[in-house]
Amino acid sequence: MNRMEEFQKFIANNPSLKTLVDNKDYTWQELYDRYLQNGEKDPVFLKHMNESKNEEETASTITSFFDALKGVDIDKVAEGLNSMKKILNVISEVTSVEPSRKKNTSFIKDDD
């Protein structure tokens, strides 16, 4: 296999490198020259492949998140939140001191 065929196979195995040419960052000739000089370990190739890998991982994470949301019953979540709100209101009422009770206790005379 000659160097041109190796380069073509390398690009076929790393299709994201095509965006370097599509975005007009490099020409095919420039990429091929880099491949001839440094092979697959060229810093441009490594950087772009790492960025592409990170983008794929991010996309995968986002997809997983939305897949998890598909199984969520929004009505049940709303019902649960309303129940929690009611519980917090009850706790708030029980733990708060009424101002009228506080005032009345100051006027009670101790007969000791």
Side-chain angles (χ1 to χ4, degrees):
M1 185 181 312
N2 68 28
R3 297 290 286 178
M4 177 57 86
E5 290 170 340
E6 290 175 8
F7 176 70
Q8 289 172 340
K9 184 177 178 183
F10 174 65
I11 295 297
N13 291 335
N14 299 288
S16 64
L17 292 174
K18 183 179 178 290
T19 59
L20 293 172
V21 176
D22 292 343
N23 293 340
K24 299 187 186 322
D25 296 325
Y26 295 92
T27 65
W28 284 115
Q29 184 62 50
E30 290 170 329
L31 292 180
Y32 181 64
D33 291 342
R34 286 183 160 280
Y35 184 82
L36 290 176
Q37 288 176 346
N38 303 313
E40 296 179 12
K41 302 295 183 194
D42 185 87
V44 170
F45 299 149
L46 294 175
K47 179 182 178 213
H48 187 74
M49 288 187 299
N50 284 338
E51 289 173 357
S52 177
K53 183 180 177 185
N54 290 341
E55 289 172 5
E56 289 173 10
E57 289 173 355
T58 301
S60 175
T61 301
I62 291 170
T63 301
S64 297
F65 174 73
F66 284 115
D67 285 345
L69 283 180
K70 286 180 185 176
V72 175
D73 184 353
I74 300 299
D75 293 331
K76 294 261 186 207
V77 171
E79 186 178 304
L81 289 173
N82 284 333
S83 296
M84 288 178 68
K85 182 178 176 183
K86 289 177 185 176
I87 290 169
L88 291 173
N89 284 336
V90 169
I91 290 172
S92 175
E93 289 175 11
V94 169
T95 58
S96 68
V97 177
E98 293 180 21
S100 61
R101 282 190 190 173
K102 201 173 192 182
K103 287 180 186 177
N104 290 340
T105 57
S106 65
F107 293 111
I108 297 176
K109 185 176 182 181
D110 193 11
D111 289 337
D112 286 332

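Distance alone, capped at 3.5 Å, is enough to place a donor-acceptor pair between the Asp73 side chain and the Asp75 backbone. Put simply, the side chain of Ser92 never gets that close to the backbone of Leu88: no donor and acceptor are under 3.5 Å apart. Side chain of Asn23 to backbone of Asp25: no donor-acceptor contact under 3.5 angstrom is found. Judged by distance alone, with hydrogens and angles left aside, the side-chain atoms of Asn2 form a donor-acceptor pair with the main-chain N or O of Glu5 at under 3.5 Å.
Judged by distance alone, the side chains of Asp33 and Gln29 do bring a donor and an acceptor atom under 3.5 Å apart.
The CD1 atom of Ile62 sits 12.0 Å away from atom CG of Asp67, with the distance rounded to the nearest 0.5 Å. Taking CD1 of Ile91 as the reference point, atom CG of Asn89 lies at 9.5 Å (rounded to 0.5 Å).
Using a 4.5 Å cut-off between side-chain heavy atoms of Ile, Leu, Val, Met, Phe, Trp and Tyr, with links allowed through other members, Val94 and Met84 fall into different hydrophobic clusters. Hydrophobic clustering, with ILVMFWY side chains joined whenever heavy atoms are under 4.5 angstrom apart, groups Ile74 together with Phe65.
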Do Glu79 and Asn82 pass the side chain to side chain contact (heavy atoms under 4.5 Å, CB included) test, and can you show the C-alpha distance, the side-chain angles, and the key distance before you say yes or no?
CA-CA 5 Å; Glu79 186 178 304; Asn82 284 333; 5.8 Å; no

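When the options Ile11, Leu31, Asn14 are evaluated for a side chain to side chain contact (heavy atoms under 4.5 Å, CB included) with Phe45, the one that passes is Leu31.
Using the six-membered ring where Trp is involved, Tyr32 and Phe7 have ring planes that are perpendicular, over 60° apart on the 30 and 60° scheme.
Every residue meeting the salt bridge (Lys or Arg N to Asp or Glu O under 4.0 Å) condition with Glu6, not counting sequence neighbours, appears here in chain and number order: Arg3.
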